[in-house]
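Worth knowing before you read on, the calculation uses all heavy atoms, side chains too, and leaves out hydrogens, waters and symmetry mates. Nothing fancy with the numbering, it's 1 onward along the sequence.
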Amino acid sequence: MSLSDIQKKQIDQANALFFEGPEKEGFVKDLYFGRFRTESMMPYPELPSNAQAAGDSMVAKTKNFCEQYIDAAQIDREAQIRDGVIKGLGNIGVLGMTIDKNYGGAGMSHFNYCRVMEIIGGHCGSTAVFVNAQHSIGLRALELFGTEDQKSKWMPPLAAGDKLAAFALTEPLAGSDAANVRTTAELTSDGTGYVLNGEKRWITNGGIADVLTVMARTSDPAVPEGKITAFLVTPEMAGFEVVEERMEKVGIRGTATGRIRFNDMVVPKENILGEVGRGLKLALTVLDFGRTTFGACCTGAAKFCIERMVARANSRQQFGQTLGEFELVQGKIAEAAADMYAMESATYYTAALIDSGADDYMVETAMIKVFASDQLWRITNDCMQIWGGKGFFTDQPFERMMRDARLNLIGEGANDVLRCFIANVGFRHVGTELKGDRIKADKETKGNANQLMSVWLNRASVMGESLVNPKVPVKHEHLRYYSRKLSKQIAQFGRQMKLALAKYQEQILNQQYLQARLADIATELFMASCVYSRLTAILVNGTIPQTEKTVEFNTGRLYLSLAHQRNELRLQELKLNVDEGKSQVAQEWLKRDFESNWVLKPTGDSMEQ
């Protein structure tokens, strides 16, 4: 069965967006081939002393501000972040932290910015999302793609907190499918501007922002449906309508999530951000920054939960023992600490990658977002479980944190969509390198997967590529065991990527069960590699106190063992699974008519797009 026209079109769009120019090297790209790219992963990054000191100062300042002025429960209760908090964040430099000093920013690194976002994320989910929208997405888009006039006009007041920014991409038919934007922008008859028509929804700050980056579809002679262009829009423009300023939500209630509409709204040409027809590339680029700070915020929230889990386990007594003496409680705390350590390790590795000037980190940020949001959801649940009945009441922060954490699995790319993205990027890399061999082998093997795999393995041997496990450097004897385990699993993963391509070829795009497993394996291997690199740096560092080093080593090596165990199960499920049974049952239920036979007929449900 060949691919549909829509799938072929989506492949062309993805190639244009993600893979223009020469093939780029990187750690994750090599993972797909079963390689460990040492020079990209080791040594684990650390800040220069002056940057470390500046970051320490900003972290302390942010922590103090959060403790004194940000009342997370009040923000959730009132469904609003007060103006004084926003202005205060601007005054201490958070809102313009990585922005050039010439535009009112602090000019600090993304690494240090993530350190600050970790503090905010551990204190208040609503405030963290607000800062992410204002800085990581709003200001970042201007900094990367704005003209000098646009930067000078908007960046200083945004960095100071005097004005608010919004990033308007999502609309009724464009969520995770960002390329499906239907808002239109037609050139005016005199050629001086564009007329925008359409609706945006679920936009953080959308109804209260002073400037919005709006994605709209402009005409293109080569593309019948047009291409997406970014525009800077202000609410005083005629035709700008706020449909809902603050939409009621489950969590992050303090943010103003709005719905807005454009009715024949004229936007001057000078308000185009970036190039005409390149808006989707702009959007995806700034979202990469946002996903990194997702990792930092989730790390902060996880640390808060772990601290509260430990406090409860040490103080609460049942059956003559503290909760911390029971193995099932110990298991929850240990796994939470190990997974927090992994998300933290990968976040700062990737932040340093961005600071290095690398221009390709889209898969790393997607992996961080998926892993961190998945694990934080489990950690908040386990935290509430350890707190028991007391944790279920609203005088404790856990129900609010659980509500806030749920958005992380949906926002800035739903996790299942990102899993497919992670896998398919890998298939493209591996498939591109092996494409010539497939054409040659098809004539000899008639598409037989096992024979095709043999041709590919033979190619690897001829090209001098080792068919044994990749070398994972051992800088300390305590890591030798984990080096062997990680190396073996990376090699297994690389072979499974080739086997999957050999078996399904272009139909791999329709194998989502397979994609999800391989994406999770790749993500866990990336996390494990970051942890391994970090542990290497810690063990060879003679300045770290031994007690601290022991705790960190034990936490990190527990994660390496957990990651290996999880991946072993995923590898087994590539062969032994119940995927066909799931699909069969799902299809049978999808055919059932609930319209005439509800268990409880819904009265307020909305099935609109």
Quick check for you: to the nearest 0.5 Å, what is the distance between Leu287 atom CG and Thr292 atom OG1?
10.5 Å
Is a donor on one side and an acceptor on the other found under 3.5 Å between the side chain of Ser533 and the backbone of Cys530?
no
Without hydrogens or angle criteria, can the side chains of Glu364 and Tyr349 be said to hold a donor-acceptor pair below 3.5 Å?
no
Indicate yes or no for a side-chain donor-acceptor contact from Trp387 to the backbone of Arg308 under 3.5 Å, with no hydrogens or angles considered.
yes
If you count the non-hydrogen atoms of other residues, nucleotides and ligands that lie under 6.0 Å from CG in Leu328, is the total more than 12?
no
Take Asp288 and Arg291 through the test salt bridge (Lys or Arg N to Asp or Glu O under 4.0 Å) and record every step on the way to the result.
CA-CA 5 Å; Asp288 284 338; Arg291 287 173 184 151; 3.8 Å; yes
Can you find a pair of side-chain heavy atoms, one from Ile368 and one from Phe371, that are under 4.5 Å apart?
no
Donor-acceptor side-chain pairing of Asn381 and Gln385 below 3.5 angstrom
no
In Å and rounded to the nearest 0.5 Å, what is the OH to NZ distance from Tyr481 to Lys485?
4.0 Å
Once you round to the nearest 0.5 Å, how far does CG of Leu535 lie from NZ of Lys475?
15.0 Å
Is any side-chain heavy atom of Met108 closer than 4.5 Å to one of Met58?
yes
Donor-acceptor pair, side chain of Thr350 and main chain of Thr347, under 3.5 angstrom:
no
Below 4.0 angstrom, N of the basic side chain to O of the carboxylate: do Arg517 and Asp520 qualify?
no
Counting only heavy atoms not in Lys488, do more than 12 sit closer than 6.0 Å to its NZ atom?
no
For a quick check under 3.5 Å, do Gln375 and Arg378 share a side-chain donor-acceptor pair by atom type?
yes
Taking the basic N atoms (NZ, or NE/NH1/NH2) and the acidic carboxylate oxygens, is any pair closer than 4.0 Å for Glu477 and Arg480?
yes
In terms of relative ring orientation, are Phe27 and Phe526 parallel, tilted or perpendicular, with 30° and 60° separating the classes?
tilted
Quick one: does Lys369's side chain have a donor or acceptor within less than 3.5 Å of a partner on Asn408's backbone?
yes
Candidate pair Asn112 and Gln52, rule side-chain hydrogen bond (donor to acceptor under 3.5 Å, both in side chains), full reasoning
CA-CA 8 Å; Asn112 270 327; Gln52 181 72 43; 5.9 Å; no
Strictly distance-based, threshold 3.5 Å: is any side-chain N or O of Ser561 a donor or acceptor partner for the main-chain N or O of Arg557?
yes
Is there a salt bridge (Lys or Arg N to Asp or Glu O under 4.0 Å) between Arg115 and Asp56 once you walk through the steps?
CA-CA 9 Å; Arg115 294 177 68 199; Asp56 290 346; 2.5 Å; yes
Using atom types as modelled and distance alone, determine if a side-chain donor or acceptor of Lys549 lies under 3.5 Å from a backbone N or O of Gly542.
no
Pair up each side-chain donor or acceptor in residues 298-307 with any protein partner under 3.5 Å, not counting sequence neighbours, and list the distances.
| from | atom 1 | to | atom 2 | distance (Å) |
| --- | --- | --- | --- | --- |
| Thr299 | OG1 | Gly295 | O | 2.7 |
| Lys303 | NZ | Glu118 | OE2 | 2.5 |
| Lys303 | NZ | Glu344 | OE2 | 2.7 |

Main-chain N/O of Ser483 paired with Ser487 side-chain donor or acceptor, under 3.5 Å:
no
Report the distance from atom CH2 of Trp377 to atom CZ of Arg406, rounding to the nearest 0.5 Å.
5.5 Å
Arg140 to Phe289 six-membered ring, cation-pi geometry met (6.0 Å, 45°)
yes
Any donor-acceptor pair under 3.5 Å linking the side chain of His564 with the backbone of Leu486?
no
If you measure only the distance, is there a donor-acceptor pair under 3.5 Å linking the side chains of Tyr513 and Glu580?
no
Flag this pair as yes if the NZ/CZ of Arg534 is under 6.0 angstrom from the six-membered ring centre of Tyr341 and inside a 45 degree cone about the axis; otherwise no.
yes
Looking only at side chains, do Asp404 and Ser126 share a donor and an acceptor under 3.5 Å apart?
no
Under a 3.5 Å threshold, yes or no: a donor from one side chain and an acceptor from the other, between Tyr113 and Ser136?
yes
Counting only heavy atoms not in Gln546, do more than 12 sit closer than 6.0 Å to its CD atom?
yes
Under 3.5 Å, is there a donor-acceptor pair linking the side chains of Glu568 and Gln489?
yes
Polar contact flag, side-chain donor to acceptor under 3.5 angstrom, Thr536-His476:
no
Mark yes or no for whether Ser40, through its side chain, and Gly26, through its backbone, hold a donor-acceptor pair below 3.5 Å.
no
Between Gln492 and Asn469, is there a side-chain donor-acceptor contact under 3.5 Å, judged purely by atom types and distance?
no
Does Glu325 have more than 12 heavy atoms from other residues, nucleotides or ligands lying within 6.0 Å of its CD?
yes
Could you go step by step and tell me if Arg37 and Glu39 meet the salt bridge (Lys or Arg N to Asp or Glu O under 4.0 Å) rule?
CA-CA 6 Å; Arg37 188 178 175 84; Glu39 61 271 31; 3.7 Å; yes
Aromatic ring pairing Tyr32/Phe493, orientation class (parallel under 30°, perpendicular over 60°, tilted between):
tilted
Side-chain (Tyr361) to main-chain (Ala351) donor-acceptor, under 3.5 angstrom:
no
Using the test ring-ring contact (aromatic ring centres under 6.0 Å, His included), find all partners of Phe553 that sit at least two apart in sequence or belong to another chain.
His478
Just do the salt bridge (Lys or Arg N to Asp or Glu O under 4.0 Å) check on Arg403 and Asp76 with the steps written out, would you?
CA-CA 10 Å; Arg403 287 188 285 107; Asp76 182 71; 2.8 Å; yes
Could you go through Phe111 and Tyr348, starting from their C-alpha distance and side-chain angles, then the distance that decides it, and tell me whether this counts as ring-ring contact (aromatic ring centres under 6.0 Å, His included)?
CA-CA 6 Å; Phe111 193 112; Tyr348 291 110; 5.0 Å; yes
